[in-house]
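Here the structure comes first, spelled out in structure tokens, and everything after it is commentary.
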Amino acid sequence: MTPYELTLLLHILLFCYWLGGDVGVFYSSNFVVNGNLTQETRLTAAKIMLGCDLIPKICMSLMLTVGGLLSHYMGVEHPTWQLIGILLLGPIWLSMVLVLHFRHSASFIPRLTTVDFYFRWGMIAAILASCIYAYSTGRLENNTWLLVKLAGFAFLIFCGLMIRINLKDFGATYVKIMQQSETEVDNQKMQMSLKKVKPWVVTIWLVLIAEAAIGITKPWS
């Protein structure tokens, strides 16, 4: 298997597990917000949801690195500094994701959560700026579809941030469920929170499918 074929396989796997894992997260979340279920059932569903949620996060953190390498093997030249940045981005982002998931009770987590939040906004700005630069200079003139995929990825990060912002009541009620102190009002807030993020979740699924279609057909080449 050539480096290109191996990278392409990894790119496909990241897409599949991102979309599949995201569907699993959203499906299991419906059991978490169901106030008619027992506390034990809801907490079990929450554990499943949080476990599944790690998979899409891992896939997102690695996607730009794998996609960048894939474009490199396809003949898109990158300056040395840019290639180094592409190679470092995945491990750094993945490390942050894993620490936030497995060390959630550590004292430094609130600060790291803030860093992660603004890091994602920074990634959106950096991706869009690179798209504008590449378009204006004609650097990807023969691979315009890559610009569309990059812009789509920036939008995926944005959707994820919108989900995070609108899930505050969900997280607060989850803590109360663990403490057996939730009320019917809390459950309603949790359900409303999930309802708010549903359009963003569905949008992520649709954009992921569109991104895959663009990668296969390579229009605007």
Side-chain angles (χ1 to χ4, degrees), residues 1-19 21-22 54-101 111-164 203-204 207-221:
M1 183 175 284
T2 65
Y4 166 75
E5 292 170 337
L6 183 61
T7 308
L8 178 60
L9 174 61
L10 184 55
H11 195 63
I12 293 171
L13 289 175
L14 289 176
F15 161 74
C16 293
Y17 278 94
W18 185 348
L19 181 58
D22 216 42
L54 179 61
I55 299 173
K57 289 178 178 177
I58 289 175
C59 294
M60 172 179 271
S61 69
L62 295 176
M63 189 65 85
L64 274 181
T65 292
V66 174
L69 286 174
L70 189 59
S71 67
H72 172 73
Y73 290 129
M74 291 172 61
V76 178
E77 295 184 3
H78 299 283
T80 302
W81 66 268
Q82 193 176 60
L83 192 57
I84 293 173
I86 289 172
L87 289 171
L88 290 177
L89 175 62
I92 292 173
W93 195 347
L94 175 62
S95 297
M96 194 154 44
V97 166
L98 294 178
V99 170
L100 285 170
H101 183 82
R111 293 191 298 275
L112 186 58
T113 300
T114 302
V115 170
D116 177 74
F117 182 77
Y118 288 107
F119 168 79
R120 292 170 190 256
W121 280 113
M123 285 301 305
I124 293 173
I127 292 170
L128 293 180
S130 68
C131 287
I132 293 171
Y133 173 78
Y135 180 79
S136 61
T137 60
R139 182 170 174 269
L140 293 177
E141 186 176 3
N142 297 323
N143 295 285
T144 308
W145 61 275
L146 278 174
L147 291 177
V148 178
K149 286 200 71 172
L150 281 170
F153 188 83
F155 183 63
L156 287 171
I157 299 176
F158 174 76
C159 290
L161 287 170
M162 292 301 100
I163 290 174
R164 181 183 297 190
T203 299
I204 287 177
V207 173
L208 277 173
I209 294 171
E211 293 271 85
I214 292 170
I216 292 171
T217 60
K218 297 178 180 58
W220 317 297
S221 298

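Everything numeric here is computed off the predicted structure, so don't read it as measured data. Counting from 1, the numbers follow the sequence of the chain as shown.
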Could R164 and D116 be called an ion pair, given the rule that one side-chain N must be under 4.0 Å from one carboxylate O? yes
Go through it in stages, so that I can follow the logic: the residues are K218 and M74, the test is side chain to side chain contact (heavy atoms under 4.5 Å, CB included), and I'd like the CA-CA distance, side-chain angles, deciding distance and then a yes or no. CA-CA 12 Å; K218 297 178 180 58; M74 291 172 61; 3.4 Å; yes
Mind checking the [atom1]-[atom2] spacing from [X] to [Y]? Nearest 0.5 Å is all I need.
| X | Y | atom1 | atom2 | answer |
| --- | --- | --- | --- | --- |
| K149 | T144 | NZ | OG1 | 14.5 Å |
| T2 | Y73 | OG1 | OH | 9.0 Å |
| M60 | F153 | CE | CZ | 5.0 Å |
| I12 | I216 | CD1 | CD1 | 7.5 Å |
| L8 | L13 | CG | CG | 9.5 Å |
| M96 | S61 | CE | OG | 9.0 Å |

So M123 and L89, side chain to side chain contact (heavy atoms under 4.5 Å, CB included) or not? Walk me through it. CA-CA 10 Å; M123 285 301 305; L89 175 62; 3.8 Å; yes
Please verify the inter-ring angle class for F158 with F155; under 30° counts as parallel, over 60° as perpendicular, anything in between as tilted. parallel
Residues, nucleotides or ligands: over 12 heavy atoms within 6.0 Å of [X] [atom1]:
| X | atom1 | answer |
| --- | --- | --- |
| E77 | CD | no |
| F119 | CZ | yes |
| Y135 | OH | no |

Determine whether W18 and I55 satisfy the following criterion, side chain to side chain contact (heavy atoms under 4.5 Å, CB included), listing intermediate values before the conclusion. CA-CA 6 Å; W18 185 348; I55 299 173; over 6 Å; no
Nearest heavy-atom neighbours spanning [X] and [Y]:
| X | Y | result |
| --- | --- | --- |
| V97 | R120 | CG2-NH2, 4.1 Å |
| P56 | G21 | CG-C, 3.7 Å |
| G215 | W145 | CA-CZ3, 4.1 Å |
| P91 | S95 | O-OG, 2.7 Å |
| A151 | C131 | N-SG, 3.9 Å |
| S71 | L146 | CB-CD1, 4.2 Å |

Measuring only between side-chain heavy atoms, which start at C-beta, is D22 closer than 4.5 Å to L208? no
Would you mind reporting whether I86 and L64 have side-chain heavy atoms less than 4.5 Å apart? no
Does L62 offer a backbone N or O that forms a donor-acceptor pair with the side chain of T65 under 3.5 Å?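 Side chain of T65 to backbone of L62, a donor-acceptor pair under 3.5 Å: no, none is there.
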Verdict with supporting geometry, I124 and L161, side chain to side chain contact (heavy atoms under 4.5 Å, CB included): CA-CA 11 Å; I124 293 173; L161 287 170; 3.8 Å; yes
